[in-house]
*Asks:* 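Here it is, the structure in full.
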Amino acid sequence: MDPHSLFSLNDHLEALSEHGDPLEVLERTVDFEYFRGWLVEGLGYGDGSKGGRPPFDPVAMVKILILQAQHNLSDARMEFMIRDRLSWMRFLGFSLGNRTPDENTIRHFRNRMTETGTLKRVMKAFDWQLHKKDYIPMSGQIVDASLVPAPKQILWGGWRPAAFAE
């Protein structure tokens with residue numbers, strides 16, 4: 001790797017900070033570590049003795065769900081955006097070249113947190129922390145905004161095929 005690229009990346013991230021990266025404000029406003037105990041309990045993580053790939057940090061995963069809700073992104077689009085945006089990678093604690101969660105991991109995490117009631121608890125505490133610092137909290141709803149192609153109606157001079165007739 002070109003040694004200048006490391007400095008260039010650092011310079012780039014510093015420039016983002018100088019221009020007011022809103023995720024740095026969020027990081028200073030919310031104590032995300034406050035949620036760690038609830039997350040570990042809600043996920044039911046084992047001690048790792050059975051082997052397998054270690055799970056992603058649950059605090060980083062909650063941050064992913066928050067970004068996803070703020071930007072109204074599907075799981076697939078969130079997977080792409082994590083890899084694409086340097087400011088998001090920095091906020092989530094990922095580095096270039098590190099493994100990042102895929103859409104299935106994001107969905108599984110959200111489903112597990114929803115099933116145990118942990119997501120609702122964490123989102124209420126997240127909103128409370130924002131409100132305490134005089135920020136308007138978001139609703140905490142996670143929305144899947146996947147784009148699905150809709151069928152096209154074919155119109156020729158006012159005539160519609162029988163399948164589209166009213």
*Asks:* Evaluate the criterion side chain to side chain contact (heavy atoms under 4.5 Å, CB included) for residue pair V62 and F126; output intermediate values, then yes/no.
*Replies:* CA-CA 10 Å; V62 163; F126 173 75; over 6 Å; no

*Asks:* About how many Å separate CZ of F35 and CE of M123, when rounded to the nearest 0.5 Å?
*Replies:*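 It is 8.5 Å, given to the nearest 0.5 Å.
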
*Asks:* Indicate the atoms forming the closest heavy-atom contact of M78 with I64, along with that distance.
*Replies:* CE-O, 3.6 Å

*Asks:* Report yes or no: does R110 contribute a side-chain atom to a donor-acceptor pair with the main-chain N or O of L65 at less than 3.5 Å?
*Replies:* no

*Asks:* Regarding D102 and T105, is there a side-chain donor-to-acceptor distance under 3.5 Å anywhere?
*Replies:*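 A pair is found: one side chain offers a donor N or O, the other an acceptor, under 3.5 Å apart.
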
*Asks:* Less than 4.5 Å apart, side chain to side chain, heavy atoms only: is that true for D75 and N104?
*Replies:* no

*Asks:* Name the one of L73, T100, L67 that satisfies side chain to side chain contact (heavy atoms under 4.5 Å, CB included) with I82?
*Replies:*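 Exactly one candidate clears the test, T100.
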
*Asks:* Taking atom types as modelled and ignoring hydrogens, do the side chains of R107 and S74 form a donor-acceptor contact shorter than 3.5 angstrom?
*Replies:* no

*Asks:* Do R83 and E79 have side-chain heavy atoms sitting under 4.5 Å apart?
*Replies:* yes

*Asks:* Start with the C-alpha gap between E24 and S17, add the side-chain angles, then the distance that decides, and say whether side chain to side chain donor-acceptor pair (under 3.5 Å) holds.
*Replies:* CA-CA 8 Å; E24 288 183 317; S17 296; 2.8 Å; yes

*Asks:* How long is the gap from NZ on K133 to CH2 on W128, to the nearest 0.5 Å?
*Replies:*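 Those atoms lie 9.5 Å apart.
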
*Asks:* Less than 4.5 Å apart, side chain to side chain, heavy atoms only: is that true for R90 and D21?
*Replies:* yes

*Asks:* To the nearest 0.5 Å, tell me how far Q70 CD sits from I66 CD1.
*Replies:* 7.0 Å

*Asks:* With rounding to the nearest 0.5 Å, note down the distance linking CD in Q129 to NZ in K124.
*Replies:*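 The NZ atom of K124 is 15.5 Å from CD of Q129, to the nearest 0.5 Å.
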
*Asks:* Whether the E115 and N111 side chains hold a donor-acceptor pair (N or O, under 3.5 Å, no angle test) is what I'd like checked.
*Replies:* no

*Asks:* Mind checking the CZ-NE2 spacing from R112 to H108? Nearest 0.5 Å is all I need.
*Replies:*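 R112 atom CZ to H108 atom NE2 measures 7.0 Å (nearest 0.5 Å).
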
*Asks:* Answer with yes or no whether the side chains of Q68 and R77 bring together a donor and an acceptor at under 3.5 Å.
*Replies:* no

*Asks:* If I compare all heavy atoms of T118 with all of G42, which pair ends up nearest, and what's the gap?
*Replies:* OG1-CA, 3.3 Å

*Asks:* For the pair F56 and F94, name the ring-plane relationship: parallel under 30°, tilted 30 to 60°, perpendicular over 60°.
*Replies:* perpendicular

*Asks:* How many angstroms lie between CG in D57 and CG in L39, if you round to the nearest 0.5 Å?
*Replies:*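 If we round to the nearest 0.5 Å, D57:CG and L39:CG are 8.5 Å apart.
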
*Asks:* Please give me the minimum heavy-atom distance between L43 and P58, naming the atom from each residue.
*Replies:*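 Heavy atoms only, the tightest pair is CD1-CB, 3.8 Å.
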
*Asks:* For this output row, return yes or no: ring centroids of F91 and F32 closer than 6.0 angstrom.
*Replies:*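 Yes - the distance between ring centres of F91 and F32 falls below the 6.0 Å cut-off.
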
*Asks:* M61 and I106: which non-hydrogen atoms are nearest, and at how many Å?
*Replies:*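 Shortest heavy-atom separation between M61 and I106 comes out as CE-CA, 4.0 Å.
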
